[in-house]
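For ligands, and for the atoms within them, numbers begin at 1 and follow the listed sequence. In what follows, residues are counted from 1 in the order of the sequence shown.
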Amino acid sequence: MRGQRSLLLGPARLCLRLLLLLGYRRRRPPLLRGLVQRWRYGKVCLRSLLFNSFGGSDAAIDAAFEPIYWLVDNMIRWCGVVFVVLVIVLTSSIVAIAYLCVLPLILRTYSVPRLCWHFFYSHWNLILIVFHYYQAITTPPGYPPQGQTDIATVSICKKCIYPKPARTHHCSICNRCVLKMDHHCPWLNNCVGHYNHRYFFSFCFFMTLGCVYCSYGSWDLFREAYAAIEKMKQLDKNKLQTVTNQVGCPHPTASCCSGQGTYHQTPPPTFSFRERVTHKSLVYLWFLCSSVALALGALTVWHAVLISRGETSIERLTNRKESCRLRAKGKVFRNHYNYGCLDNWKVFLGVDTGRHWLTRVLLPSSHLPHGNGMSWDPPPWVTAHSTSVMAV
Ligand SMILES: [Zn+2]
Ligand SMILES: [Zn+2]
């Protein structure tokens, strides 16, 4: 008897479990059932998308701002092309004004030695600007090798999921890791990193020098051109007044109109089209060069300070944070890549001997920087002189 009961109860329990497993529920209207199913499906999808074992408020904020980051990154990527064209057009316009407007003026007034000095300096400066800008936009900043496992790394890039060597950072605009990344420059439409950092700085430096030279050298011409433009405006105003008076007078040819500001008897000197264009071009040249000299000069000084300290723009932020953290614990922060001011400059510019200051700094040079951008052993001459400065 007991055996027969257990024989019946077994399949009944199995059926009940199957029903529970298949989600047996009491009957609902089909529309409500569909809505409930969709709601549950959406909830599972959302949870699976947001699931992260490292998740937290930071991850949630990052995820919320992701569309904005994407928009800004894409805008900078597209604006980069426009900015590069703008730099080329503005620089070319200044060179064209120098040749077409300034040169004819100074040829008549300057002495031969002064002309020679201006000729050599301006062309040397222009060649260095063009060379460094071309090199900065065309030289890749340097990327960590993918698939190579024997490189010294300090962390893993969250975006690339690849090992990240020291001083390497991920650029969200280029969408890849960059060796010794300084920043992404929209004016170059390129990242500034290990292999083109020197070109970027040299371009900023020589462009600032060129702008200071142009605005200082054209100061007298600018003042004369500005005064001439003011005179032109006054003449145009007088001419308009004359026409108005003539139209308003019932006897335009009679003598009653001759003394009311008209120039029928003694016409003033007028400016030719060429003179007008020259004066306006000189004012444009001075304003543009002065503005760029101020803005780019400030940027160049800031980068010079960073190079003197052996830091990149990104490291400046992280080092400051670390310095505050250690100071709170009564410790002193030391930058591992600071070899001392002069040695930092030598390493940055690739100057190994005294002759290199001329051949590698004051003349166009495409020599490679020290190291491969992944390990940061200083050159032997730096180790010999700066052991005490080296980081701990
Ligand atoms: Zn990366
Ligand atoms: Zn970049």
| query | Regarding Arg276 and the six-membered ring of Phe273, is the cationic atom NZ or CZ under 6.0 Å from the ring centre and inside 45° of its axis? | reply | no

The angle formed at the Zn ion (ligand 2) by SG of Cys191 and SG of Cys174 is about (to 10 degrees) 110°

Closest to the Zn ion (ligand 2), among the N/O/S atoms of His184, is atom ND1

Listing protein N, O or S under 2.8 Å around the Zn ion (ligand 1) gives Cys157 SG, Cys160 SG, His170 ND1, Cys177 SG

| message | Do Leu306 and Thr312 have side chains that approach each other closer than 4.5 Å (heavy atoms only, starting at C-beta)? | response | no

ring-ring contact (aromatic ring centres under 6.0 Å, His included) filter on His367, not counting sequence neighbours, yields none

Per ring pair (Phe, Tyr, Trp, His ring centres under 6.0 Å), His183 is matched among Trp302, Phe200, Phe201 by Phe200

_Donor-acceptor pair, distance only, cut-off 3.5 Å: does the side chain of Asp182 make one with the backbone of Ser313?_
yes

Legend entry - Carboxylate-amine/guanidinium contact Asp220 Arg223, below 4.0 Å: yes

So is Arg198 actually on top of Phe348's ring, under 6.0 Å and inside 45° of the axis? no

